2 protein chains.
Amino acid sequence: MTEHTYAVIMAGGGGTRLWPISRKESPKQLLPLLGKETMFQSTVARLERIFPPERILVVTVEEQARVMREQVPSIPKENYLIEPAPRGTASVVALAAAVLKRRDPQAVMAIQTADHHIRNQDLFQYLLRTAIDVAEKEYLVTLGITPTFPSTGYGYIQQGEPLNGDYKYPVYMVKRFKEKPDEATAQQLLRSGDHSWNSGMFVWRVDAILSEIQKQMPDLFKAVDEISSVWDSPDKIDVVKKIWYGLQTQTIDYGIMERAERVAVLPAGGLGWSDVGAWDSLFDVLLPDMNGNVSVNAQHLPLDTHNALVYSVDDQRLVVTIGMDDVVIVDAGDVLLVCKTDQSQKVKNIVEHLKKHNQEKYL
Amino acid sequence: MTEHTYAVIMAGGGGTRLWPISRKESPKQLLPLLGKETMFQSTVARLERIFPPERILVVTVEEQARVMREQVPSIPKENYLIEPAPRGTASVVALAAAVLKRRDPQAVMAIQTADHHIRNQDLFQYLLRTAIDVAEKEYLVTLGITPTFPSTGYGYIQQGEPLNGDYKYPVYMVKRFKEKPDEATAQQLLRSGDHSWNSGMFVWRVDAILSEIQKQMPDLFKAVDEISSVWDSPDKIDVVKKIWYGLQTQTIDYGIMERAERVAVLPAGGLGWSDVGAWDSLFDVLLPDMNGNVSVNAQHLPLDTHNALVYSVDDQRLVVTIGMDDVVIVDAGDVLLVCKTDQSQKVKNIVEHLKKHNQEKYL
C-alpha cells in the first residue's frame with residue numbers, strides 16, 4: 001500500500017427501494033438505516049481502516065454533499081466532486097479518474113458505493129489490499145461476490161483462468177460480464193461455480209481506466225479531460241455545468257467493463273456484502289432472533305410471529321404482531337408499510353403510483 | 001306498544017377485545033368504532049325509533065355515565081342508574097327492574113347492550129315489537145340470533161314448541177340454554193336447526209323477572225328491593241354503595257335464565273347482528289370492497305392485498321400493504337397491531353401480558 005492509493009465513494013443516488021424510510025430528500029446513504037451510523041458514515045469508517053481521509057474522495061450532488069460534510073467532517077472539502085446532475089457511474093468514474101490523475105498521475109483508485117453494507121470488515125480490508133496489488137499491475141479489478149442464491153437482481157461476472165502472481169487471495173481473469181439474468185439463467189449461473197455477482201466495487205490505476213474510457217467512450221474522455229484542465233481555475237463550476245448536462249447517462253459496466261481488456265476478478269465469499277437493495281435484505285444484514293424476527297429501533301411485541309422485520313422511526317410506539325410470518329413492517333411516521341417479505345421489491349410500484357398521482361409529500 | 005314499555009341499556013363493560021382502540025379509559029361503547037357515531041349513540045338511536053328518550057334507561061358506572069350524558073343529552077339524567085362497581089348482568093337487570101317497578105308497576109323492559117351492532121334496523125324494530133307483545137303475556141323473552149357459522153364464542157338457546165298466538169314472527173318456547181360449546185358441539189348445534197345464539201337481548205315485564213329473581217336469587221332480590229325503597233330518598237347513594245359491594249357477581253343467563261320457566265325465544269335471522277367482539281367481526285359489520293378489504297378512517301393503498309382490515313385513528317397517515325391476505329392492521333397512535341385475522345382473539349393475550357408487566361400506558 002503506497003501513498004498513491006485512493007478511495008472514491010459514489011454517493012449520488014436517490015434510491016427508493018427502501019421507501020418509505022429512504023425518501024427523495026433523505027436517501028438511504030444519509031440515514032442511520034442499520035444502527036447509529038449513517039450508511040455513508042459506515043462506508044467511510046470502513047475505508048478509513050485502509051485510506052487516510054485525505055485520500056478518500058466523494059462524488060455526489062450538491063444537496064447531499066452538504067449533509068455528508070456534516071456527517072463526516074474528516075474528509076477535506078476539496079475531496080468532494082460535485083455532479084451538477086446524475087449521469088450514471090461511467091461519468092462518475094471518468095470524472096474521479098481525471099481529477100485524481102491531475103493530482104497524482106500514479107494514482108490507484110478503489111470505487112465504493114455509499115449505501116452498501118459489509119459485515120466482515122477485516123476480510124474486506126485484506127481483499128481490497130490484494131485488489132490494489134493486482135490493479136498496480138494495470139489490471140482493471142472487480143470485487144465479485146460469491147452468489148448464495150440465484151439472484152435476478154444483480155449482474156454476473158464469469159471468471160476465466162487464474163491470474164499468476166503472488167496474491168493472498170485467488171484472482172481470475174474475467175471471461176464475461178452478464179446483465180441481470182432471468183430466473184432459469186440465474187439458477188444455471190449459481191450452479192456453474194465460476195460466476196460472481198457484480199458488486200460495483202472496482203479497483204484500477206487512473207491511467208488504465210482513462211485509457212479504456214478514451215478507447216470506448218471518447219466523448220466522455222474528452223469531457224472529463226476538459227473539466228480536469230480547468231479544475232483549479234475559477235472557471236471550474238461553469239465549465240463542469242456546461243459539459244455535464246451534455247453527457248449521456250451510462251453505467252461503467254455497460255459503457256466500459258463489458259468490452260474492456262485486462263479485467264480481473266476477486267471472487268469474495270464470506271464478506272457479508274449486501275447492497276441493501278430491498279427490505280428483505282435486512283434479514284441478511286442484521287441478526288434475527290431465534291424466531292427469525294428482526295427489529296430496528298422498534299418496540300416489537302411478537303406473538304406466534306416468525307421472520308418478521310419491524311422497522312420504526314419511533315421507538316415509543318408499541319408494535320404488536322399476532323400470527324404473522326414472513327412480513328416486513330416499516331413505520332416511517334407519515335407512512336406505514338406492511339409487506340410480505342418476498343414481495344418487498346414491489347415497493348417501487350408503490351413509489352411509481354404515488355409519483356403518478358402527485359403524492360409528493362410521501363416520496 | 002303502550003307507554004309502559006322501556007328500554008334498558010347495559011353499558012358498564014370495559015372490553016379489551018378490540019384493543020388497542022378500546023382502552024381502559026375509553027371502552028368500545030364510547031368510541032365511534034364504525035363511523036361517526038359512538039356505539040352508545042347508535043344503540044340509543046336504534047332504540048329511539050321505538051322508545052321516547054324518557055323511557056330509555058342506562059345502567060353503567062359513574063365515569064362512563066359522565067361521557068354518555070355528553071354524547072346523548074336527550075336521555076334524562078335520572079334515567080342513568082349508577083353501579084358503584086360492575087357485579088354482572090344479573091345485578092344490572094335486578095336493579096333496573098326494581099327501580100322501574102317503583103316508577104311503573106306494569107313496566108315491560110327490553111334489555112340491550114351498548115356495544116353491539118345491528119345492521120337491519122327496520123327488522124330489529126319489528127322483532128322487538130313482537131317480543132314486547134309476547135312479554136306482555138308474562139313470558140321472559142329472549143332475542144336469539146340464527147347462527148351463520150359454528151361459533152364457540154356464544155352461548156346457544158335451544159327452541160322447543162312454537163308459541164301459540166297472533167304474532168308477526170315465529171316465537172318458540174325455550175327448551176334449554178347452553179353455555180359456549182366446543183368446536184365439535186358447535187358444529188352439531190349449527191346443523192340441528194333448532195338452536196340460536198344468545199344475543200343478550202331480553203324483553204320481560206318487570207314483575208315477571210323480579211318474581212324469577214326472588215325465586216332463584218333471593219339475596220339479590222332483597223338487595224334491590226332495599227335499594228328501590230330508598231331510591232327517592234337522600235340515603236340512596238350510601239345505601240346503594242353499601243349493598244352493591246356485598247353482591248356476588250353473576251350473569252343473568254347463568255343466574256336466572258337457565259332455570260327460569262315460561263321462557264320464549266324469537267330466532268332472528270337477517271338482523272345483521274354482531275357483538276363486535278373481536279377485530280375479525282368488522283368484516284361482517286362493514287362492507288368490504290371487491291378484494292375483501294375494509295378500511296376505517298384510514299388512507300389505505302393496497303397492492304396484491306385481500307381481506308385486509310385497516311383501522312386507523314389518523315387519516316393523514318398512509319397505510320401501504322403489499323402481498324398481504326387475511327390481516328388486521330390497527331393503528332391506534334401509540335400502538336400498532338398487525339394480526340392474522342383468524343387469530344384476532346389473541347389480542348386478549350397481549351392485553352394480559354401488558355397488564356402483567358405493568359405497561360399501564362398501553363392499556
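Treat the numbers as computed from the prediction; the structure is a model and nothing was measured. Just so we're on the same page: letters track the sequence lines, and every chain starts at 1.
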Checklist entry - Run the side chain to side chain contact (heavy atoms under 4.5 Å, CB included) check on B/Ile350 and A/Leu303 step by step: do they pass? => result CA-CA 8 Å; B/Ile350 298 289; A/Leu303 175 61; 4.0 Å; yes
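Of the two parts of B/Val347, the backbone and the side chain both hold a non-hydrogen atom closer than 4.5 Å to a non-hydrogen atom of chain A. Only the side chain of B/Asn349 comes within less than 4.5 Å of a heavy atom of chain A; its backbone N, CA, C and O stay farther away.
Comparing B/His353, B/Met324, B/Lys361, B/Gln359 by how many heavy-atom pairs each has under 4.5 Å with chain A, the most go to B/Met324.
Remark: A/Leu301 CG to B/Tyr362 OH distance equals 10.0 Å, nearest 0.5 Å. Residue A/Leu337 holds its CG atom at 8.5 Å from OG1 of B/Thr321, rounded to the nearest 0.5 Å.
Within the 4.5 Å cutoff, side-chain heavy atoms of A/Trp19 are placed close to those of B/Val320. Annotation: side chain of A/Val338 is not in contact with side chain of B/Thr305 (no heavy-atom distance under 4.5 Å).
One finds a salt bridge joining A/Lys346 and B/Asp304 here, because a Lys/Arg side-chain nitrogen approaches an Asp/Glu carboxylate oxygen to under 4.0 Å.
A/Arg317 places no side-chain N or O within donor-acceptor distance of the main-chain N or O of B/Leu336, the cut-off being under 3.5 Å.
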